Amino acid sequence: MITLTGLTKRYGGRTAVDDLTFSVADGRVTGFVGPNGAGKSTTMRMMIGLTRPDLGEVRFDGVSYADLRHPARLVGSVLDPRSMHPGHTARNHLRAMAALSDIPVDRVDTVLAEVGLEAVENQRTGGFSLGMRQRLALAGALLGDPRILLLDEPSNGLDPDGIRWLRNYLTGFADDGGSVFVSSHLIGELAMFADDLVVVGRGRLLAAETVDAITARRGATVVAETPQPAELARALAGPSTSVESHGDRLVILGSSKAAVSQLAFEHGIRLVELSEVAPSLEDTLLDLTGASAEFVSA
Amino acid sequence: MNTTAPTIPWTTPQRSAVRTTSEDVRSVRAALASEWIKLSSLRATKVILTLTALVGAIVAGGLAATADDPTLTASELFIYPLPLVAMLASVTGILMFTAEAQHGTLAVILSSRPARWVIVTAKTITAATVGLALGITGMVAGFAGASIGGVELGSGSHLASRGLWALLYIVLAALVGLGVGMIVRHTAAAITGLLMWSLVIESLLAPMLPEGVRHTLPFSAGYRLLDAGPNFEPPVLIAHQLARPQYALVFAGYALASIVAGTVLLYRRDSN
């Protein structure tokens, strides 16, 4: 169990992380999402003591990370897959990590096999692709056989097979009672295996709920095609309904297929087509974080 | 990728045990083991060791082969390459920290051992050991080079004390390098800065300073640990000379100050 309480970090006049409070439950995969600059990486760095918070605290099973005798036995983390000396072989990189954390050296073989890098264990990491570095970094996180995994964009650079393996591994890890806290920009990917989501924007907590609860926030989208789009849009107008017009097609949020059908019938509006699209997590998150996005494409 | 099950049966208390100072002290050994693996498995370490042997042999051998003074012996000439060996030791000390910062592994080690002083202690001991290894290599190569260059081996009466002072100089140079690396954190900037300071700035600054102060500049003081040089200096400088242990204290003071400053910064700064 990870608990963050009032975590705050300021850089000069800018607040990177603002009073963040949430918890990550055991036996769950918790996704950590937010737009660029939302404070995700800063938060994760504060969680493992690499950045000092101005206020607040983080506890792992009730203990602050800095107080843990053997952090690697409880928390495995990958915040930057490039964190390895290019002159070291994969094996020596892991041997040095194992020695530092008092972990039996035979774990090196185990984790190399787990991430599928046995064949390149004696190659220098300078020649590794991003995907291979990602696997090696993950092997480093798994060295201590931890109960908690903290991963920042772990699927970056992985091939489809690697992404599927990662998804299965993290799900299995949580099923065995471990906690997984994983940040990702691949919302669709996250939706496939995360149980809970923590959503941040401009350093502030926007939501911390189950994936289902967050997805349900948006409600279904109704698409209606009619030769009288203006009349239907007028009939639908209301405080909880938004309507986007695309020629004869209207995209309606905040209503249902049955309600639109009923309204059209009452106003004598002919419908050519009426369909309901289930809400996507991506759309819901974009709605949630839209106002807090720091960098927006033109 | 496979899906091998985890294999270590840590108990819950073992996982979330709280560290104590005595356990931190014991963990220095683990940090040392890790430093040794990193250092011994890098090609750069072997290159620096080879370079040290070559510098020692070529400089001392060259001087021996071209010496006009028939009284010069190998037991004197082996000292002459050591300022260059000290520079290599400093560079190695710098790399021990800047490479970690530059490649992001500093974050990995600090998250593995939250007691940052443990990392500093392990790196300091390792840098001192590297200084010893480079010093011995440089001296042995220098002695061999001078002998091959054609001079007599010379008297062994002062050899041990001369060698030990020289070793201290090189060990302290490695520690100064480590301290500078911890402060600057950037390989090129740290190496350039240290070489500029020792080879250019200190030389330019020295004539402008009072004679008594001149000896307290770091590399001027360090150089005095070698049994070479002062015979060629003007009497006014010789008159202000300190005893060799005092020079050792001055140079050690710089090494200590740079490592302490680096440690304070390591605690205060966010890691890369």
Side-chain angles (χ1 to χ4, degrees), chain A residues 45 48-52 60-63 65-75 77 79-80 82-89 92-93 95-104 106-107 110-111 113-116 124 135 137 140 142 144-147 161-162 165-166 168-169 172-173 176, chain B residues 1-20 23-24 26-27 29-47 95 99-100 102-116 118-119 122 267-272:
Chain A
R45 290 175 60 80
I48 57 166
L50 296 177
T51 295
R52 195 193 306 267
F60 295 87
D61 287 354
V63 184
Y65 190 91
D67 291 337
L68 288 169
R69 187 187 302 170
H70 296 292
R73 293 182 186 181
L74 184 65
V75 186
S77 58
L79 299 196
D80 184 354
R82 295 164 303 173
S83 296
M84 51 194 68
H85 195 296
H88 283 140
T89 63
N92 284 332
H93 171 73
R95 277 178 63 220
M97 284 182 76
L100 183 58
S101 293
D102 270 331
I103 294 166
D106 57 2
R107 273 294 288 174
T110 308
V111 295
E114 273 188 65
V115 302
R124 293 180 197 280
R135 287 171 189 244
L142 298 174
D145 185 22
R147 296 248 308 112
D161 177 50
W165 172 85
L166 181 70
N168 291 340
Y169 187 89
F173 188 90
D176 288 341
Chain B
M1 295 187 185
N2 303 320
T3 48
T4 314
T7 56
I8 303 181
W10 305 127
T11 62
T12 301
Q14 280 175 327
R15 290 181 193 279
S16 50
V18 173
R19 66 185 172 89
T20 62
E23 279 147 4
D24 285 344
R26 279 198 292 275
S27 67
R29 206 171 141 184
L32 275 170
S34 178
E35 288 298 324
W36 170 247
I37 292 169
K38 286 188 276 189
L39 201 66
S40 61
S41 59
L42 273 183
R43 208 181 285 163
T45 310
K46 289 150 197 154
V47 169
L95 287 172
E100 302 264 26
Q102 205 170 321
H103 298 300
T105 46
L106 183 59
V108 175
I109 60 174
L110 294 182
S111 60
S112 300
R113 286 285 170 201
R116 298 185 175 194
V118 170
I119 303 297
Y267 272 87
R268 292 175 63 92
R269 281 173 179 164
D270 292 340
S271 72
N272 295 32

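Per chain, numbering begins at 1; letters A, B, ... match sequence-line order. Given the structure is predicted, the values throughout are model-derived calculations rather than measurements.
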Considering all heavy atoms of both residues, which atom of A:Ile103 and which atom of A:Ala72 are nearest to each other, and what is their separation?
CD1-CB, 4.0 Å

Could you look at A:Arg82 and say if it's the side chain, the backbone, both or neither that has a heavy atom under 4.5 Å from chain B?
backbone

Do the rings of A:Tyr65 and A:Phe60 sit parallel, tilted or perpendicular, given the 30° and 60° boundaries?
perpendicular

Counting heavy-atom pairs under 4.5 Å with chain A, which one of B:Thr105, B:Ile109, B:Ile37, B:Val108 comes out on top?
B:Ile37

Tell me, out of A:Asp67, A:Asp80, A:Asp106, A:Leu100, who's got the most heavy-atom pairs with chain B below 4.5 Å.
A:Leu100

I'd like to verify something: which residue of A:Ser101, A:Pro71, A:Ala66 has the highest number of heavy-atom pairs under 4.5 Å with chain B?
A:Ala66

What is the distance from atom CD of A:Glu114 to atom CZ of A:Arg107, rounded to the nearest 0.5 Å?
6.0 Å

For a quick test of reading the model, state the closest non-hydrogen atom pair linking A:Arg73 to B:Arg15 and the distance between them.
O-NH1, 2.7 Å

Pick from A:Pro86, A:Ser77, A:Gly172: which one has the most heavy-atom pairs with chain B under 4.5 Å?
A:Pro86

Heavy-atom pairs under 4.5 Å with chain B - which of A:Leu68, A:Leu142, A:Asp61, A:Ile48 has more of them than the others?
A:Leu68

Heavy atoms only, distances under 4.5 angstrom: which of A:Arg95, A:Met97, A:His88 has the most pairs with chain B? Name it, please.
A:His88

Heavy-atom proximity to chain A below 4.5 Å, by part of B:Leu32
neither

Tell me, out of A:His93, A:His85, A:Met84, A:His70, who's got the most heavy-atom pairs with chain B below 4.5 Å.
A:His85

In chain order, what residues pass the side chain to side chain donor-acceptor pair (under 3.5 Å) check against A:Thr89, with sequence neighbours excluded?
A:Asn92

Between B:Ala31, B:Ala122, B:Ala44, B:Ser41, who has the most heavy-atom pairs with chain A when the cutoff is under 4.5 Å?
B:Ser41

Heavy-atom closest pair, residues B:Val118 and B:Asp24
CG2-O, 3.5 Å

For B:Ala30, side-chain contact (heavy atoms from CB on, under 4.5 Å) partners two or more places apart
A:Asp102, B:Arg113

